[in-house]
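The structure under discussion appears below in the form of structure tokens.
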Amino acid sequence: MHRLSQLHVPTLRNDPADAEAPSHRLLVRGGYARQVGAGLFSFLPLGWRVHQKVVQIIREEMNAIGAQEMLAPVLAPAELWQQSGRYEIPEVFRLKDRHGRDFVLSMTHEETMTFHAREIRSYRELPQLWYHFQVKGRDEVRPRAGLLRVREFVMKDSYSFDRDEEGLDASYWKHAGAYRRIFERCGLRFYECEGDVGLMGGKVAHEYLAPCPAGENEIALCEKGDYAANVEAARSVPSAPNFPERLDAPREVETPEIRTIEEVAEFLSIDPRATAKAMPVVGPDGTLVLGLVRGDHRLHELKMAAVLGGDFRPAHPEEIQEAFAASGGSLGPVGVQLRVIADEALREGQFVSGANRDGFHLLGVEAGRDYQPEFIDIREAIDGDACIHCGGRLTVEPAIEIGNIFKLGTRYSEPLGAVYLDESGKEQSIVMGSYGIGPGRVLAAAIEQNHDGNKIVWPRSIAPYEVEVVALQAAGESILATAEEIVQKLSELGHETLLDDREARPGEKFADADLIGAPARITVGKKTLEDGAVDLSLLASGEQRRVTADDAPTVVAGLLA
RNA sequence: CGGGGCGUGGCGCAGCCUGGUAGCGCGCCUGCUUUGGGAGCAGGAAGUCCCCGGUUCGAAUCCGGGCGCCCCGACCA
């Protein structure tokens, strides 16, 4: 019997000073987790119970698609990472042993799993699907928001090994199905989005994003529910501007001390969407390029970098002055001798832009007529855009990435030499996929999505306990005895139940019960026990009910069924 | 890496400007009284004031350097 009086559940009356995200605050206050250093957390017993529940759900669904659980070490010889070419990634923790040999604290396990895949000899042994739950280390630039971005965390990572693309495709979509079931079972609101392949290398990727205010990704969602994408990859139709009257040629107007789009729009009484924003940048080859997006849009850095063939930076004021003979707030595309990359949204219509003369703007600037740009999609999707499928309104919400799936192809098998012999005896590289889930993020996202002030409302599937029995006046023997009986019966009925048998005041017990967040609560106290009754409450619905102490276990079991 | 904030019993904070032997609330321990949403009284334990150096008769307080943590930005499996 789990008695709160004997468990290490250090709840706090106050919010910790260093926590802002709700999940961080509540995990610390509720005695689930403690911070050991920046981005380093211990799961205390209560938190580990939740973590293990998430892990078990993942395990069941992975096994259901035929994956085999194993365990690879956290440390890896640097050599493996040098072979794959990932040794130089800045996020990699590197270390040496006493002999001076170099090691890596694995941030994922592609290298190590591919190392094992080298023992595969024949097409007859394929496909294979391996996974483990293992600690990952990442030297993050900036850990933040409690468990949402940490430097060390447990990940379920699985790796598929197939003969060819077709096999990979099958393994990939098996994972997608398993992932949907996992996150549904964990009670999360989530979206499966096309993702960026990033540092992992590879071709196709989906990421699973759970909307929550503390998230660090942004997700574009269609109100009709038929489109969801990371803004990094989102496609959308911009809203239509209200254009002013058409002009036969650009007209210069004086705009003293007017720099920002908001100021321009207000000063000229025009729709901000009918303005163009000039963003001079310096590309990877050192040349100055003018990016041009609509006034209400934002330049998409990844898209722009793709166009320019590498990282770029905003031009310095001196560079701007030299190229435009004007300063930052007064720039435009007309008459400049630079490569001009204009967003697709500027193709049709006449826009207000800077005049390349401080204090002046141009009305009625028209692409094709007044300047000759390259049209490329270089903007971010924003709130109010329209869905490319149905035209429905898109909103942009913050979200946290809780899992992802990647088609790696031969990104790792080739450099590491994981090959098999096909039917004709020919050597082929194994075709791989990798698939990750962070149980800690799942747990944190569940809180982010299901909390209420000082309460955690756990989805039933991952709550640390299903039922908490609160024994008020625990010193009273009959009360405690009744509570223990109820706990005993609930356990026999197969429900994990926590007994609060501490000698504490009722207020404290209720407050802690709110933090522990068991879906069902039974309060045993003098007031009702005189009538042989106890109070039941369900956290999610707020439903309250008074039943006899004898009936309580079966009634609760019925409600939980 | 840039900007901002913070570091004082377990937790939350005051004290610092204007140097003088460390304080409040909560928690903790003991006793009594209490007990349906964080009790009352009495007694008690507990602090290298982040670290190092300097100034000074004297430093939590002033000066220099360092470290740590949080937030924003940059960056990002």
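Letters A, B, ... mirror the listed sequences (proteins, then strands); counts begin at 1.
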Not counting sequence neighbours, which residues clear ring pair (Phe, Tyr, Trp, His ring centres under 6.0 Å) with [X]? List them please.
{"X": "A/H51", "answer": "A/F43, A/W48"}
{"X": "A/W173", "answer": "A/H206"}
{"X": "A/H297", "answer": "none"}

Does the base of B/G37 carry an N or O that pairs as donor and acceptor with the side chain of A/D514 under 3.5 Å?
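It does, because a donor-acceptor pair links the side chain of A/D514 to the base of B/G37 below 3.5 Å.
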
Taking N and O atoms by type only, does the side chain of A/R149 place a donor or acceptor under 3.5 Å from a partner on the base of B/C76?
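Result: at least one qualifying N/O pair found.
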
Using a cut-off of strictly less than 4.0 Å, decide whether A/R29 has a side-chain nitrogen or oxygen near OP1 or OP2 of B/C11.
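A/R29 to B/C11 OP1/OP2: no side-chain N or O under 4.0 Å.
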
Side-chain N or O of A/R505 less than 4.0 angstrom from OP1 or OP2 on B/A39?
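Yes, such a contact exists.
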
Enumerate the residue pairs fulfilling ring pair (Phe, Tyr, Trp, His ring centres under 6.0 Å) with a member in residues 11-35 of chain A, sequence neighbours excluded, ordered by first and then second residue.
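Sorted result for residues 11-35 of chain A: A/H24-A/F41, A/Y32-A/W458.
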
Who passes side chain to side chain donor-acceptor pair (under 3.5 Å) against A/E192, sequence neighbours left out?
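Per chain and number, A/E192 pairs via side chain to side chain donor-acceptor pair (under 3.5 Å) with A/R180, A/Y208.
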
Would A/H2 and A/Y465 count as a ring-ring contact (aromatic ring centres under 6.0 Å, His included) if you check the C-alpha gap in whole Å, the side-chain angles of each, and the deciding distance to 0.1 Å?
CA-CA 10 Å; A/H2 288 210; A/Y465 294 92; 5.5 Å; yes

Nearest to the A/A17 side chain among B/C13, B/C69, B/G36, which nucleotide is it?
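So the nucleotide nearest the side chain must be B/C13.
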
5' priority, RNA chain B, between A/R441 and A/G507 [closest heavy atom]:
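Closest to the 5' end, via its nearest nucleotide, is A/G507.
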
Counting Watson-Crick and G-U wobble pairs only, both distances under 3.5 Å, name the nucleotide matched with B/A39, or none.
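Paired with B/U33.
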
Under 3.5 Å, which N/O atoms of the protein pair with N/O atoms of nucleotides 26-29 of chain B?
residue, atom, partner, partner atom, Å
B/C26, O2', A/R13, NE, 3.2

